[in-house]
Amino acid sequence: MAKFGELSEEIQEIVDKIIDETGLHNYMTIKTAAIHKSRELIKVSRANAWAEHLGKVSDCVTILVYERALERLNPRQQEILLRDAINNISFDGEKDKIIIGAPKINVTIGGRAKYGDELINAAECSVLAMQQIIDEEREMKEAKKKRK
């Protein structure tokens, strides 16, 4: 069995719709594939230089979907998870750079059952606090450079 394959028409349509809405295709090449075995449902990553050379593309982002697992979810869940994964992709026009990543929120199933949305909200606030610290440190470094 091949390690990678084409996405089903239904899943590819959802991905294409999301990419069209975001306009990401204007800044990068996005390649999708189904993966037949994985510990991650959806993996978004930047293609390395060798893969870009082999594929004769530049600024390439790959989206690998463990489709066998995704197909067990209802269409709304599929779309939400695909949107969330694709939202990890952005383009910094000032630096002409593709950025992949967003802060992760890790909560336990037991904690979610016990505290519900309160736990999710607290975890989300902690991620925002950490991002504020990163932004403040970056601003301090920039101000220090300007003073020199």
Side-chain angles (χ1 to χ4, degrees), residues 1-139 141:
M1 175 189 272
K3 188 172 184 174
F4 301 102
E6 297 292 321
L7 289 176
S8 68
E9 192 174 317
E10 297 82 23
I11 300 299
Q12 188 65 56
E13 284 178 8
I14 296 170
V15 170
D16 290 344
K17 178 178 117 179
I18 296 166
I19 291 169
D20 285 345
E21 289 173 5
T22 62
L24 290 171
H25 59 284
N26 294 316
Y27 305 100
M28 63 197 74
T29 302
I30 300 175
K31 299 287 186 179
T32 60
I35 191 163
H36 300 294
K37 187 175 182 182
S38 179
R39 291 196 165 273
E40 292 181 71
L41 186 65
I42 303 164
K43 181 175 174 69
V44 177
S45 60
R46 175 81 194 258
N48 64 32
W50 180 240
E52 287 182 347
H53 172 74
L54 288 175
K56 296 179 174 64
V57 295
S58 61
D59 296 327
C60 185
V61 173
T62 60
I63 301 172
L64 300 178
V65 179
Y66 184 19
E67 197 169 43
R68 194 167 139 209
L70 188 67
E71 287 175 340
R72 294 183 181 201
L73 305 176
N74 71 47
R76 177 70 178 146
Q77 292 170 323
Q78 292 173 353
E79 184 171 344
I80 288 170
L81 291 168
L82 286 164
R83 280 186 185 280
D84 188 56
I86 293 170
N87 280 335
N88 283 313
I89 308 167
S90 62
F91 184 78
D92 184 338
E94 289 181 18
K95 296 180 182 175
D96 195 33
K97 181 178 175 183
I98 296 170
I99 300 167
I100 298 175
K104 300 285 186 203
I105 298 175
N106 293 317
V107 297
T108 64
I109 293 172
R112 174 80 164 117
K114 184 174 182 179
Y115 300 108
D117 285 344
E118 189 176 3
L119 176 63
I120 301 298
N121 292 338
E124 201 172 69
C125 287
S126 71
V127 169
L128 291 173
M130 290 186 288
Q131 186 60 48
Q132 286 173 339
I133 292 168
I134 291 168
D135 292 344
E136 290 167 3
E137 289 173 351
R138 186 180 310 124
E139 288 173 9
K141 284 181 184 178

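Only this structure's heavy atoms are used, side chains among them; waters, hydrogens and symmetry mates stay out. The model shown is predicted, which means the values in this text are computed figures rather than measured ones.
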List the residues meeting side-chain contact (heavy atoms from CB on, under 4.5 Å) with E13, not counting sequence neighbours, and say none if there are none. E9
Identify, with sequence neighbours excluded, every residue that meets side chain to side chain donor-acceptor pair (under 3.5 Å) alongside R138. D135
Mind checking side chain to side chain donor-acceptor pair (under 3.5 Å) for T32 and listing every partner two or more places apart, or none if nothing turns up? Q12
Separation between CD1 (I14) and CD1 (I18), nearest 0.5 Å, reads 7.0 Å
Sequence neighbours left out, what passes side chain to side chain donor-acceptor pair (under 3.5 Å) with N121? Give chain and number order. none
Would you mind writing out the side-chain donor-acceptor pairs for residues 75-86 within the sub-3.5 Å range, not counting sequence neighbours?
{"residue": "Q77", "atom": "OE1", "partner": "N74", "partner atom": "N", "Å": "3.0"}
{"residue": "Q77", "atom": "OE1", "partner": "N74", "partner atom": "ND2", "Å": "3.3"}
{"residue": "Q78", "atom": "NE2", "partner": "L70", "partner atom": "O", "Å": "3.1"}
{"residue": "Q78", "atom": "NE2", "partner": "L73", "partner atom": "O", "Å": "3.2"}
{"residue": "E79", "atom": "OE2", "partner": "K17", "partner atom": "NZ", "Å": "3.3"}
{"residue": "E79", "atom": "OE2", "partner": "R83", "partner atom": "NE", "Å": "2.9"}
{"residue": "E79", "atom": "OE2", "partner": "R83", "partner atom": "NH2", "Å": "2.9"}
{"residue": "R83", "atom": "NH1", "partner": "E21", "partner atom": "OE1", "Å": "2.8"}
{"residue": "R83", "atom": "NH2", "partner": "E21", "partner atom": "OE1", "Å": "2.9"}
{"residue": "R83", "atom": "NH2", "partner": "E21", "partner atom": "OE2", "Å": "3.4"}

Contacts of type side-chain contact (heavy atoms from CB on, under 4.5 Å), residue S58, not counting sequence neighbours: none
Quick one, K31 and V57 - any side-chain contact, counting heavy atoms below 4.5 Å? yes
What distance do S38 atom OG and R68 atom CZ have between them, rounded to the nearest 0.5 Å? 12.0 Å
Check A69 against L41 and note the closest heavy-atom contact, atom names and distance. CB-CD1, 3.7 Å
side-chain contact (heavy atoms from CB on, under 4.5 Å) filter on K95, not counting sequence neighbours, yields D92, K97
Just verifying a value: how many Å separate Y66 OH and K43 NZ, rounded to the nearest 0.5 Å? 15.5 Å
May I have all residue pairs that pass salt bridge (Lys or Arg N to Asp or Glu O under 4.0 Å) and include part of residues 113-133, sequence neighbours excluded? R112-D117
Would you please name every residue forming a salt bridge (charged side-chain N to carboxylate O under 4.0 Å, His left out) with D96, sequence neighbours left out? none
Atom pairs and distances, side-chain donor-acceptor, residues 45-52, under 3.5 Å, sequence neighbours left out:
{"residue": "S45", "atom": "OG", "partner": "T62", "partner atom": "OG1", "Å": "3.1"}
{"residue": "R46", "atom": "NH2", "partner": "E52", "partner atom": "OE2", "Å": "3.4"}
{"residue": "R46", "atom": "NH2", "partner": "D59", "partner atom": "OD1", "Å": "3.2"}
{"residue": "N48", "atom": "OD1", "partner": "W50", "partner atom": "N", "Å": "3.1"}
{"residue": "N48", "atom": "OD1", "partner": "A51", "partner atom": "N", "Å": "2.7"}
{"residue": "E52", "atom": "OE2", "partner": "D59", "partner atom": "N", "Å": "3.2"}
{"residue": "E52", "atom": "OE2", "partner": "C60", "partner atom": "N", "Å": "2.9"}

To the nearest 0.5 Å, how far apart are CD1 in I35 and CD1 in I63? 13.5 Å
Applying ring-ring contact (aromatic ring centres under 6.0 Å, His included) to Y27 and not counting sequence neighbours gives F91
Considering residues, nucleotides and ligands other than I109, do more than 12 of their heavy atoms fall under 6.0 Å from its CD1? no
ring-ring contact (aromatic ring centres under 6.0 Å, His included): which pairs involve residues 110-133, sequence neighbours left out? none
Non-hydrogen side-chain atoms of S8 and E71 separated by less than 4.5 Å: yes
Neighbour count >12 (heavy atoms, 6.0 Å) for atom NE2, H53: no
